[in-house]
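We use all heavy atoms of the structure for the numbers below, so side chains are in, but hydrogens, waters and symmetry mates are not.
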Amino acid sequence: MAECSSHAVLDAAIGGFKDSERIVSDALEAHVGTGTLLLADRGLWGLVRWHRLRDHGTHLLWRVERRKARRVQDVLPDGSYLARIEANKHSKATGTVKAPPALVRVIEYRVDGQADIVRLITSLTDHEKYPAEELAVLYARRWEIELVFDEIKTHQRGRPVLRSQTPDGVRQIYAHLIVHHATRDLFDEAARLHHSTAERTSFTRALHVVRRTVISPSGFSPSTRQQDRILGLAEIGRSLLPRRSRCRVLLPNGDKVATAPRSPGRRSDAGALKAAERGRLRYTRSMGSP
C-alpha cells in the first residue's frame, strides 16, 4: 500500500507464491487510516471487503467489472448514478454469511482515443462535493504504485533475484522497503526546500546521491554528515523532470472533459531526463488511464 503523491510505501504484506493476492491484501486493512481515500483496481473487489473498510471509516474509489452495480437507484446531475450492489447469489462459498447490499455511486468514463468504458464505484455519494470528473482523474493516480514497483524492483534492487528461500531471506524485502521509504523522505524534504513536488524529482538521481553519500569516506562526524545531507538535498532538488503530459477523460454526458496523466512508459526516469535535456523527448513516464 503506497501513497500516490509521495510514492511512500505505507505498509506491505508478504505471502507465498501460491497465495491469493486478495487474501494477502486483507492484512493491510487494519493500517488504512480513517478518512483515507483508498484506490484499488477490479482484481481486489469484494463486497465483504468493501463493508470492512467502510466500517473503519475509509473512503473507497474502486474499479469494477461492467456487470457490477447494475441496479440503478437514482441518476445524478453530473452523469454518475447511485446503484445497489448485492452479494453474488451463485457464489461457490458454502456455509458463509452473505454480505449485506451496499449503496454505491457509479462513475463511467473513457479515455480520449480509447473505446473501453471504465466503471468506478465509490463511497463518496455527494456529487456536488465530489464531482464525477474529479474522481475520474483521481482514479488514474492509482497507477502511481506501478512506478513504486519500478523504483524498488528495477532501480533500487540492483540484482535480478532475491534469495528468499528462508524466513531470513524474506526480510530482504522489508529492508528494500525501508531504504525506499527513507529515500522518499529525502524527496519530500528536497521538494519542500525547492518549492516543487516529489513527482518532478528523478528517483535514479536521488538514489545515486544516497549511495554516494553512504559510501563516502568523509567520516562519520555529525557536522560532516549534516553537510553531506545539505549538498545531497540541493542536488536532488535540482534534478527536476519535465512536467507530465496529460490525456483527456471523457464523461458520458459529453460536455465535461477532464485531464489525467498518461500511461507509464518503459523508459526509466533517468533516461527520460537525459533525453529531455537533449531536447528530443517529452517526458511521459507517468500514470495513465487504468
Side-chain angles (χ1 to χ4, degrees), residues 1-2 4 10-110 115-143 145-146 249 251-252 289-290:
M1 181 169 58
C4 291
L10 305 179
D11 199 4
I14 299 176
F17 179 76
K18 297 182 179 180
D19 292 341
S20 167
E21 184 182 32
R22 292 189 178 190
I23 296 176
V24 173
S25 66
D26 287 343
L28 303 175
E29 294 178 8
H31 303 280
V32 182
T34 301
T36 299
L37 178 60
L38 182 64
L39 312 180
D41 69 2
R42 50 193 164 186
L44 294 178
W45 159 252
L47 188 55
V48 174
R49 183 176 294 108
W50 180 278
H51 282 296
R52 283 201 306 262
L53 288 166
R54 290 296 297 132
D55 290 341
H56 291 161
T58 304
H59 301 299
L60 306 173
L61 180 62
W62 290 1
R63 185 177 181 180
V64 294
E65 299 174 352
R66 294 195 62 185
R67 59 188 177 88
K68 299 288 186 182
R70 306 298 296 182
R71 298 176 180 270
V72 180
Q73 303 292 308
D74 188 21
V75 178
L76 303 176
D78 64 352
S80 63
Y81 57 90
L82 300 179
R84 181 184 176 91
I85 189 167
E86 299 179 349
N88 186 0
K89 297 180 180 179
H90 305 288
S91 175
K92 297 180 180 180
T94 58
T96 59
V97 179
K98 296 289 186 180
L103 182 67
V104 301
R105 179 178 168 208
V106 182
I107 300 171
E108 294 181 333
Y109 69 93
R110 67 179 179 85
D116 293 341
I117 299 296
V118 178
R119 174 186 286 262
L120 307 178
I121 61 173
T122 180
S123 60
L124 303 172
T125 57
D126 189 340
H127 67 278
E128 294 182 348
K129 191 173 182 180
Y130 308 105
E133 66 269 20
E134 291 186 9
L135 293 179
V137 171
L138 182 61
Y139 179 76
R141 303 279 291 173
R142 187 193 67 80
W143 285 93
I145 199 168
E146 301 299 335
V249 170
L251 297 177
S289 59

Give the C-alpha distance, both sets of side-chain angles, the deciding distance and a yes or no for side chain to side chain contact (heavy atoms under 4.5 Å, CB included) between L82 and V72.
CA-CA 6 Å; L82 300 179; V72 180; over 6 Å; no
Considering residues at least two apart in sequence or located in another chain, which fulfil the salt bridge (charged side-chain N to carboxylate O under 4.0 Å, His left out) criterion with [X]?
| X | answer |
| --- | --- |
| R84 | E86 |
| D74 | none |
| E21 | none |

By ring-ring contact (aromatic ring centres under 6.0 Å, His included) - contacts of W45 (at least two apart)
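Testing W45 for ring-ring contact (aromatic ring centres under 6.0 Å, His included), a comparison that skips the adjacent residues, returns W50.
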Close side-chain approach of [X] and [Y], heavy atoms under 4.5 Å:
| X | Y | result |
| --- | --- | --- |
| V32 | M1 | yes |
| H59 | T36 | no |
| T58 | T34 | no |
| V64 | L120 | no |
| K68 | I121 | no |

About how many Å separate [atom2] of [Y] and [atom1] of [X], when rounded to the nearest 0.5 Å?
| X | Y | atom1 | atom2 | answer |
| --- | --- | --- | --- | --- |
| I145 | C4 | CD1 | SG | 8.0 Å |
| E65 | R42 | CD | CZ | 7.0 Å |
| L124 | I107 | CG | CD1 | 8.0 Å |
| L135 | D78 | CG | CG | 8.5 Å |
| R22 | L44 | CZ | CG | 7.0 Å |
| L37 | L138 | CG | CG | 5.5 Å |

Salt bridge check: are R49 and D26 linked by an N-O gap of less than 4.0 Å?
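Yes, R49 and D26 are salt-bridged.
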Determine whether the side chains of T125 and R105 contain a donor N or O and an acceptor N or O closer than 3.5 Å.
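Judged by distance alone, the side chains do not pair up.
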Grab the two heavy atoms, one from L47 and one from A87, that are nearest each other, plus how far apart they are.
CD2-N, 3.4 Å
Shortest non-hydrogen separation from W62 to L39 and the atoms involved:
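So the minimum-distance heavy-atom pair works out to CD1-C, 4.0 Å.
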Report yes or no: does H51 contribute a side-chain atom to a donor-acceptor pair with the main-chain N or O of P100 at less than 3.5 Å?
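Checking the backbone N and O of P100 against the side chain of H51, a donor-acceptor pair under 3.5 Å is found.
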Is the side chain of S123 donor-acceptor paired with the backbone N or O of L60 at a distance under 3.5 Å, no angle test?
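Yes, the answer is positive, given that a donor and an acceptor are paired below the 3.5 Å cut-off.
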Is it the case that over 12 heavy atoms from other parts of the model lie below 6.0 angstrom from the CZ atom of R52?
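Result for CZ/R52: enclosed.
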Test side chain to side chain contact (heavy atoms under 4.5 Å, CB included) applied to Q73 and L103, step by step
CA-CA 9 Å; Q73 303 292 308; L103 182 67; 3.9 Å; yes
Residue pairs passing the ring pair (Phe, Tyr, Trp, His ring centres under 6.0 Å) test where at least one lies in residues 63-88, sequence neighbours excluded:
none
Check against side chain to side chain contact (heavy atoms under 4.5 Å, CB included), V118 and E108
CA-CA 6 Å; V118 178; E108 294 181 333; over 6 Å; no
Under the criterion side chain to side chain contact (heavy atoms under 4.5 Å, CB included), I'd like the reasoning laid out for L61 against L38: C-alpha separation, chi angles, the key distance, then a yes or no.
CA-CA 6 Å; L61 180 62; L38 182 64; over 6 Å; no
For E128, all residues meeting side-chain contact (heavy atoms from CB on, under 4.5 Å), sequence neighbours excluded:
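Residues passing side-chain contact (heavy atoms from CB on, under 4.5 Å) with E128: D126.
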